[in-house]
Amino acid sequence: MKKKTVRTRFAPSPTGFMHVGSAYQALLDYAFAKKNQGKFILRIEDTDQKRKVPGAEKKIYQALEWLGLEPDESPQKGGPFAPYRQSERLKIYRQYAEKLVKEGKAYYCFCSPQRLEKVRRQRQRQGLPPMYDGHCRHLPPSQVEKNLREGKPFVIRLKVPRNKKIVVNDLLRGEIVFDSNMVDDQVLIKSDGFPTYHLASVVDDHLMEITHVIRGEEWLSSAPKHILLYQYFGWEPPVFVHTPILRNPDRSKMSKREGHTSLFWYKKEGFLPEALLNFLALLGWSHPQQKEIFSLKEFISLFDLKDVSPLGPVFDLRKLEWMNGEYIRQMDDEELGRRLKEFLPRLKEEQVKKAAPLVKERIKKLKEAEELLAFVWEDIDYPKELLLQRGTDKDTAILMLKEAKKIVEEKWGKIEEIRDGLLSLIKEKDWNTGAFFMVFRVAICGKTITPPIVESLELLGKERVIERINAALEKLKT
Ligand code: GLU
């Protein structure tokens, strides 16, 4: 038999919020497809009209682009199974739902929201799970016809058989057996005519020839409904992979409330997408040589879905920060300059280029460059004492700055010569090197932590350097 082409799909709902866990799903989908010379598909699951947020779909594209996980087929790109946006496929779902109704595997339900609420409360009082009571399962066909003719609002529900075992095969977890009595008669088509996730995703996964459904653990409890749908339609189910929910170091679930669940938070903070992917790859998977830093390409070549551990991996932000710092240090200066640009909008391109090697060893996230370099565009203000904080006395500090100013003025444009000049001055006067540079650094930047100070002079320009030395001298005189 011809081996099927591996096809995976990333199927986000455009709600405006992209969880970092979704990026994890997308990475696994992408890596597994690429590893098997398969296809990675992006499908937009926009059938929940209430949750739809304008502009959210665009964010999904931006997210994948930022991560560098380019789909082979998508609403933007098209493909052999278009359309890839579920709201454009409503007719298809309707047809399949009606087919099930005809075959007695689904049914029209005309129960009012009030009745459903009553049933829910009743079951709750009896300590039963909140499920539909099957009231419309056995409506006589003539009644159904009449209701439909009268235009009564309805939904279509899945007819879940009673007293059956439904077996879900999960690649990571093995066989999981569900008791059908605990499976709700799931709504497949809602009263607004839109399908629910359950129907739409099963129909699409089948029609789009998806071979591996990789999704979060939170969908595991819905899997028996999906298996039942595959059986009812007579379709072969895909391989199911329910990946573990990401946890904080204290093992609590990563919730939306904490800023760092949103993928775009990482972008804003200046994490590099390649570092984030590397970090995500290591959640639930380890490199055969225990390597911590590796490229996406390397991950693709080594990764296999079945090696992912289903135990809740810990999302350790500190480790990600460390990794990001490593990636920054390994990056060539020019590339770093390009990446830094959006974080340093107040600097000219030339300045950003010059700044990149100066901050490289000092930042873990691109955003940190902003604070380190703010002295270039901000007016500085600091108390006099900061100049003297290494124990230098006022008169010595004044002398230091006067002498330094002479050297800077004379040798401007030649960094090496300025440095050598300052070093010989320190030696000649028998000053403490650290103390001298602290006075100099604070005078120029107004801060005690800065990029390498001599190299930083160029960022400010001669005039402003001299101005700042003069201002420090003024301060010291008072
Ligand atoms: N639309 C679902 C979600 O956004 C996708 C779940 C799945 O991958 O099947 O959570």
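Index from 1, following the sequence. Each ligand, and each atom within it, is numbered from 1 in the order the structure gives.
Partner of Glu73 under the side chain to side chain contact (heavy atoms under 4.5 Å, CB included) criterion, out of Arg9, Met208, Arg7: Arg7 alone.
Shortest non-hydrogen contact noted between Glu217 and Pro244 is OE1-CA, 3.3 Å.
Ring orientation note: the planes of Trp285 and His287 are nearly perpendicular, at an angle over 60° on the 30°/60° scale.
Residue, atom and distance of the protein heavy atom nearest to atom 5 (C) of ligand 1 are Ala11 O, 3.0 Å. If you check which protein heavy atom lies closest to atom 10 (O) of ligand 1, you get Trp219 CZ2, 3.4 Å. Remark: minimum distance from atom 1 (N) of ligand 1 to any protein heavy atom is reached at Glu45 OE1, 2.6 Å. In terms of protein heavy atoms, atom 8 (O) of ligand 1 is closest to Arg9 NH1, 2.8 Å. Ranking the protein heavy atoms by distance from atom 9 (O) of ligand 1 puts Tyr197 OH, 2.4 Å first.
Close placement of the Phe279 and Phe315 rings is indicated, their centers lying within 6.0 Å of each other. You'll find the ring centres of His198 and Tyr93 outside the 6.0 Å limit. Aromatic pair His206/Phe233: centroids not less than 6.0 angstrom apart.
Annotation: Ser201 places no N or O atom under 3.5 Å from an N or O atom of ligand 1; distance criterion only.
Here is the list of ligand 1 atoms found below 4.0 Å of a heavy atom in Ser13: 1 (N), 2 (C), 3 (C), 4 (O). In the vicinity of Pro12, heavy-atom distances shorter than 4.0 Å reach the ligand 1 atoms 4 (O).
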